[in-house]
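Data first, discussion second: the structure below is written as structure tokens.
Below, read A as the first sequence line, B as the second, and so on, with proteins coming before strands; counting in each chain starts at 1. Just so it is clear, the model here is predicted, and its values are computed rather than measured.
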There are 2 protein chains.
Amino acid sequence: MTASSRPDHPRLRRSAGDRRAQLVQIGLELLPTTPVQELTIDEVARQAGISRSLLFHYFATKREYYTAVTRAAADLMWEHLMPAPGTPPEEQVEGMLDRYVGWVETFRETHLAFVRGAAGGDPWVAEVYQETRDRLVEVALTTLELPDSALQRQLVLAWLAFAEELIGQWAAEPTMTRPELLALLRDVLGRLTR
Amino acid sequence: MTASSRPDHPRLRRSAGDRRAQLVQIGLELLPTTPVQELTIDEVARQAGISRSLLFHYFATKREYYTAVTRAAADLMWEHLMPAPGTPPEEQVEGMLDRYVGWVETFRETHLAFVRGAAGGDPWVAEVYQETRDRLVEVALTTLELPDSALQRQLVLAWLAFAEELIGQWAAEPTMTRPELLALLRDVLGRLTR
DNA sequence: CGGCTTGCTGAGCAACGCTCAACAAGCTAC
DNA sequence: GTAGCTTGTTGAGCGTTGCTCAGCAAGCCG
């Protein structure tokens, strides 16, 4: 049916690393438009210009593939959120919160897809997401110099869910100024952890 | 392989309503153990003792089937949360919150599966969940006699996310007494909406 | 019994995840 | 330059799953 043997593609050979990166990249680009579970191997292979079989050479299973994609998305966000080295502790949470809002503003679609895909369905994917949240809680607890109790952990986690939802909603329909939003989030976190 | 034509099942014929209800019921029972997307038509049909084809007679598509299941789950919870008629308004939110905690305590697995399945993947299923949340926000705004602004709506929605996460965590590992939890949730909601 | 409604089935198609044996691109060794 | 090795790459094909369709049969009516 489809002329897969186009004459202008003389069988390009890539290094293993390159190919892997390319496939993950394609996954990242597809994420916003396609629910994770509906992402088909066929489609990814087609976009990469390779056969289905090759994808299974790099990722033994479909699940393995899209957990890799999810992890890549998480890493991108994490990298963006992390404070510049040397930032004084009391400014770290402040800055991360600010950058998180910026992240959601910029990559609204992608971020929503990430959160959705992570929360729903597959446990493996959910785990990647949970790791990220746990790391965020970790940072919050240490830089705010809070006691590392189960209670505090739960409160910060719940606050994260609160922040995520509010920022998502706010990005879709701004009901206050950006500084007001940030102040509100900080305020709630402050009250909760005291 | 499987002897599907057991002699002791002399082709039982059910009314359309009964069959539909049975199929949805099976879906509800399967939900806690099976991520929504992994729920296969084959399995459901097998448990119901019918052919795959019949399921497609009642639900034109798989999606239609498990949105029906999700909606049934949402209705069950909603029914449980609704205050008894005649309850004075100032006690309604109080009672619903209490019953919600109870609901999560009792059906932790099922509820988690519901939230997960709803948040993730399929937009149609997500819609069912969003409806429920919207209805909850509606009730909260009216019984608390709050102005129905976009801002208030967002805050209550975000608080719902907060409550959901905290209650879920707390049910898994109780870090405070039940009344303390309820008081905390009420307090946060109260501060937010003022 | 004949005829009607309607719950119900089996065969089969297309799409998808996944396997496997084999091909071939690019490098090194002689 | 050609023999040989490594390894990126493919095509054919299998099992499962969502979905279709033509037709069977259970129960009811006359």
Are A:D187 and A:R191 close enough for a salt bridge, meaning some N to O gap below 4.0 Å?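 Salt bridge present between A:D187 and A:R191.
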Of the listed nucleotides [options], the one nearest the side chain of [X]:
| X | options | value |
| --- | --- | --- |
| A:T61 | D:dT17, D:dC19, C:dC18 | C:dC18 |
| A:L54 | D:dC19, C:dT9, D:dT10 | D:dT10 |
| A:D42 | D:dT9, C:dC16, C:dC18 | C:dC16 |
| A:I41 | C:dG17, C:dC8, D:dG11 | C:dG17 |
| A:A16 | C:dC8, D:dG8, D:dG18 | D:dG8 |

Where each residue is assigned the nucleotide of DNA chain D containing its nearest heavy atom, which of A:R52 and A:H57 is assigned the position nearer the 5′ end? A:H57
Tell me whether the OP1 or OP2 atom of [N] has a side-chain N or O from [X] closer than 4.0 Å.
| X | N | result |
| --- | --- | --- |
| B:S15 | C:dG7 | no |
| B:R19 | C:dC8 | yes |
| A:S53 | C:dC20 | no |
| B:Y58 | C:dC8 | yes |

What is the distance from [atom1] of [X] to [atom2] of [N], rounded to the nearest Å?
| X | N | atom1 | atom2 | answer |
| --- | --- | --- | --- | --- |
| A:R46 | C:dC16 | CZ | C1' | 15 Å |
| A:L39 | C:dC16 | CG | P | 11 Å |
| B:I50 | D:dA26 | CD1 | C1' | 16 Å |
| A:E38 | C:dA15 | CD | C1' | 13 Å |
| B:F56 | D:dT17 | CZ | P | 12 Å |
| B:Y66 | D:dT17 | OH | P | 15 Å |
| A:L55 | D:dG8 | CG | P | 14 Å |
| B:E64 | D:dC19 | CD | C1' | 13 Å |

Record whether the side chain of B:R13 comes under 3.5 Å of the base of C:dT6 through a donor-acceptor pair of N or O atoms.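 Counting by modelled atom types and ignoring angles, a donor-acceptor contact under 3.5 Å is found here.
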Does the plane of the ring in A:H80 sit parallel, tilted or perpendicular to the ring in A:W103? Use 30° and 60° as the thresholds.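 Tilted.
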With a 4.5 Å heavy-atom cut-off, do A:P147 and A:Q152 have their side chains touching? yes
Give a yes or no answer on whether the side chain of A:E109 reaches the backbone of A:T33 with a donor-acceptor pair at less than 3.5 Å. no
Short question: side chain of B:W170, backbone of B:R178 - any donor-acceptor pair under 3.5 Å? no
With heavy atoms under 4.0 Å as the rule, sort A:T40 into base, sugar-phosphate or nothing.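 Result for A:T40 = sugar-phosphate.
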